[in-house]
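Here the structure comes first, spelled out in structure tokens, and everything after it is commentary.
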2 protein chains.
Amino acid sequence: MTSPAPTRRRDAARTRQLLLEAARARFADDGYAATTVRDIADDAGVNVALISRYFRSKEGLFEACLTTAVDEMRRAAGSATLAEVPQRIAEQAAGIDSGGIPQRLVLLLRSSGDARADEIRIGILRSYADNLATLAGWTGDDDDLLLRAQIAIAASLGIAMLRSKTRLEPLASAGAQELVDPLSDLISGLLERRA
Amino acid sequence: MTSPAPTRRRDAARTRQLLLEAARARFADDGYAATTVRDIADDAGVNVALISRYFRSKEGLFEACLTTAVDEMRRAAGSATLAEVPQRIAEQAAGIDSGGIPQRLVLLLRSSGDARADEIRIGILRSYADNLATLAGWTGDDDDLLLRAQIAIAASLGIAMLRSKTRLEPLASAGAQELVDPLSDLISGLLERRA
DNA sequence: CACTGACGTCAACAGGCGTTTACATCCACC
DNA sequence: GGTGGATGTAAACGCCTGTTGACGTCAGTG
């Protein structure tokens, strides 16, 4: 049993990961500007200076949070049929994975003022909307359908935002179970072409 | 011609108003934490110290922005039928009043960390959702319908947010005209009871 | 075992923040 | 027409921010 190093006292990769997780939570909950590097370092249980060492700057750390969140979202996306979409959105918005997934969604709406972060953000949004529009039968020449898909994405983000930032009941405490039916009606009302 | 004072060199009410408008724009665009009192004062063309004088603090100024925005929204609300709701939402989200209305919507999602501001925010959200649910036939005993109304509100806020914070086309540039049809389908899909 | 590079700590810095204080200036009223 | 309160100004304060540099300390290698 020469396991490589389950918990080394000094482990750069682990420290990086701890910082990333703490930062994602803080950025998603409080926003970029309201979050201090000392908050993040304390949450992660590491020294403040290591943020600059591993991520160059606070902005670099935010960008790293955004790109890893986007990567994970892309990986988790997979293909689906239009009928399955509401279930997916409900799961993500409800945060069936405790704490992880809705954080990524809310993070998408957080702005650091950095231009590159904005590009990352808008890139994933566009790709999600294009995907959804394609599932609804979009062939690239129907701007109205794309608009409708983007509205559906906006609705999902709005739900995630409201759930994480307010205690508006029953929305704030609704589980994926209770969200999927309304979301199905929302999506189908928005995207199913009536002949 | 002893007109009272069209433009006095010193006018507390006018200064207060200038500060409120500048602050609302900044808070909505950049968020509470990222906005500095010097930014606001410069935009308004007044001295920084006057913020403390007229609003006690930056937080007091934010709260004042929120309450006046809420007042204006309540005044503009009026009664409507369920069929008219999409048009109203489309106008607000599109910002038919250039710059004014969507600012108020986005402001609702901005957080200052102040508890009282949170209460104001959630109060107006709840009242909007209750209103919408009532229009859809809510009698107070159907939590699912209220949930659906809250989802509709969340969707509206998500659209306003995405429009003001990203350049996701065609959504970002869509006018009220182009938004009203999709919104009608969204609302009716979500709220119209199928027997 | 000594050494070297990676990893972590500490303290300080320069700048920006919100706020306050002391002081000018204006305007309405007696 | 002076006087006092209202309005605006300027500078400074103390605090907190992100970042950095110099300094310990650990772990793997020869």
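Labels below follow one simple rule: chain letters A, B, ... track the order of the sequence lines, proteins then strands, and each chain is numbered from 1.
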Return the nearest nucleotide to the side chain of Ala12(A); candidates are dG8(D), dT21(C), dC7(C). dC7(C)
Find the distance Arg14(B):CZ to dC27(C):P and express it as a whole number of Å. 13 Å
Rounded distance (Å) that lies between atom P of dT25(D) and atom CG of Asn47(A): 14 Å
Residues from residues 31-38 of chain A lying under 4.0 Å of DNA chain D - heavy atoms: Thr35(A), Thr36(A), Val37(A), Arg38(A)
Using atom types as modelled and distance alone, determine if a side-chain donor or acceptor of Arg110(B) lies under 3.5 Å from a backbone N or O of Asp29(B). yes
Spacing of Leu50(B) atom CG relative to dT25(C) atom P, expressed in whole Å: 16 Å
What pairs of residues pass the salt bridge (charged side-chain N to carboxylate O under 4.0 Å, His left out) test when at least one of them lies in residues 59-74 of chain B, not counting sequence neighbours? Arg24(B)-Glu72(B), Glu63(B)-Arg116(B), Glu72(B)-Arg104(B)
The test is side-chain hydrogen bond (donor to acceptor under 3.5 Å, both in side chains); show your working for Glu169(B) and Ser173(B) and say whether it passes. CA-CA 6 Å; Glu169(B) 299 296 351; Ser173(B) 308; 2.7 Å; yes
Tell me every residue that passes side chain to side chain contact (heavy atoms under 4.5 Å, CB included) with Arg126(A), counting only those two or more places apart in sequence or in another chain. Ile122(A), Asp130(A), Leu168(B)
Distance in angstrom units between Asp42(B) CG and dG8(D) C1', rounded: 15 Å
By side chain to side chain contact (heavy atoms under 4.5 Å, CB included) - contacts of Ala117(B) (at least two apart): Phe62(B), Leu66(B), Ser112(B), Asp114(B), Arg121(B)
Tell me the ring pair (Phe, Tyr, Trp, His ring centres under 6.0 Å) pairs involving residues 65-95 of chain B, sequence neighbours left out? none
My understanding is that only residues two or more places apart in sequence, or in another chain, count here; which of them pass side chain to side chain contact (heavy atoms under 4.5 Å, CB included) with Leu18(A)? Arg14(A), Ala44(A)
Please work out which residues in residues 53-67 of chain A have a non-hydrogen atom less than 4.0 Å from an atom of DNA chain D and list them by number. Ser57(A), Lys58(A)
Side chain to side chain contact (heavy atoms under 4.5 Å, CB included) partners for Ala80(B), two or more places apart: Glu84(B), Arg88(B)
Sequence neighbours excluded, which residues qualify as salt bridge (Lys or Arg N to Asp or Glu O under 4.0 Å) partners of Asp181(B)? none
Taking CG from Asp39(B) and P from dC17(C), how many angstroms apart are they, rounded to a whole number? 7 Å
From CG of Leu19(A) over to C1' of dT19(D), roughly how many Å is that when rounded to an integer? 15 Å
Nearest-Å distance for atom pair CZ/C1', residues Arg10(A) and dG24(D): 8 Å
Below 4.0 angstrom from OP1 or OP2 of dC7(C), is there any side-chain N or O of Thr15(A)? no
